[in-house]
Amino acid sequence: MSRITISPVTRIEGHAQVRIHLDEQGNVENAHFNVVELRGFEKFLIGSAVEEAPRITPRICGICPTSHHIASAKACDQIYGVEPPETARRLRELMMVGQYVHSHSLHFFMLAAPDFLIGHDVPAAERNVLGLVKKAPEIAKSAIEIRKFGQRLTEAIGGKPIHPSTAIPGGVSHPLTEEKRQELLAMAKNVQKIASQGWETARTILDGTDLDFGSVRTAFMGMSDNKAFSFSNGPVSILGEDGNLAATYSGEGYLDHIEEYSEDWSYLKFARLKSGSYYRVGPLARLNIVDRMGTDAADAALREYRSAFGNVVQTTLAYNIARYVEFLAASEKAVEYLSNPDITKTETRTPVGQVQQHRGIGIIEAPRGTLIHDYTVDDRGFIQKCNLIVATCQNNYAMDRGVEDVARRVVRNGTLADDAANKIEMVVRAYDPCISCATHAIGRMPIALELVEKTQFYSLKKEDSRIGSY
Ligand code: MG
Ligand code: NI
């Protein structure tokens, strides 16, 4: 019996494994996307003062800290019965914009681009960020400039470059100074220029790519504000598989529609609709839900995207382009927000008193999809119950089924086609899964792709190349 060694699953945020089970004939019996880390924050938070949650939850993840920070602060506003002043709402929104710019550009330029710009049939040793620097140095350089802006913005408004801490119950603790506004505005204009120029490349990345693999048919979920793209305002909509609006909800209404469940082979939870359908969140879902992005270049890009893929898109790899459309929108929003001097007004907090209600639910659209923080507190504001629902859990079913779809196409008689490993990775990567968020990770585990024969267990080459290095 031969031993097959293939590259590990790389260029995703965190650690995961793909295991393919074969039948007696060496064909695929089933395949799963496994996550081998342990969750914890829903339990750690119990007993904490709820006003600490916006500072604790960003620690869940170094990639999505702002999303947790803002969702948590929104939940706290409800518990203390306060509305943040307009300036605070804009500052929080601007932090979200910064997170989108940072996260989406990182994924597009560093994680996804090597597949498309270098070519997914090129050997893995060249198909990485270093290969990209060689093949398209201007793109690699742009990516670094964009990243700098994202970090500077989080630092200037959130107080720190990685884990922001300024969103507090009732608003934001520090106003933005005029000096910082000017500095950020200049950077934002540059980022917007890069984003607009990059669209010419982004819109073509799937040309000539087989779009069929990793496909799955699902419902979709995402927030919109009067049908426009939104980071944190508005109700959440659910579209059925047919693309028709099936339901909308806000606040605790999520429990009428979503149920979480576990499978014994993964630490990553799953979510599905109570109606029995499975659904997806994130860029693909949001673009299916909105009518418009609300900014010029992104709206033009959305029209092109729709003429290529249709109005309701099920194509998994289209996530990569949808993400770019959102990156464009975020870069334009950054300029818009920073151009308005009102954002430096100093009234950024509504005073907070006693606990007004025992339950607070903060829902926002994180770059990877709908994020829900649901806290129940006692009279003194100590957390008694906590439920977090993150994007990656909601996309878990689609990733898992997508992996099996590819496995069935690429495994024949116990052997993998040459491009098999990367095709599987591309499907997982399209969702930009954040394993840290989804498992609230403890420790480091390697990512591996394993082929399990009926009677034999092969643990294939395990290595941990670029994982978690950003
Ligand atoms: Mg949960
Ligand atoms: Ni994360």
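Every heavy atom of this structure was used, including side-chain atoms; hydrogens, water molecules and symmetry mates were not. First listed ligand is number 1; within each ligand, the first listed atom is number 1. None of the values given here were measured: they were computed from a predicted structure.
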Close side-chain approach of [X] and [Y], heavy atoms under 4.5 Å:
X: S173; Y: R349; value: no
X: F229; Y: E326; value: yes
X: F327; Y: I146; value: yes
X: V355; Y: D379; value: no

Open item on the list: Please confirm whether the ring centroid of Y397 lies under 6.0 Å from the ring centroid of Y278.
Closed with: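 Yes, close enough.
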Task: Apex the Mg ion (ligand 1) - arms OE1 from E260 and OD1 from N387 - angle rounded to 10° - done: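 Computed angle, vertex at the Mg ion (ligand 1), rounded to 10 degrees: 80°.
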Open item on the list: Let me check your reading of the structure: within less than 2.8 Å of the Ni ion (ligand 2), is there an N/O/S atom from H68?
Closed with: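 Under 2.8 Å: H68 has no N, O or S contact with the Ni ion (ligand 2).
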Open item on the list: Can you tell me if, anywhere in L388, an N/O/S atom lies at a distance from the Mg ion (ligand 1) that is smaller than 2.8 Å?
Closed with: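 Within the cut-off used here (under 2.8 Å), L388 does place an N, O or S atom near the Mg ion (ligand 1).
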Open item on the list: For N/O/S atoms only: which one belongs to E42 and is nearest the Mg ion (ligand 1)?
Closed with: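 Of all N, O or S atoms in E42, the Mg ion (ligand 1) lies closest to OE2.
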Task: Apex the Ni ion (ligand 2) - arms SG from C434 and SG from C64 - angle rounded to 10° - done: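 C434 SG and C64 SG form an angle of 110° at the Ni ion (ligand 2).
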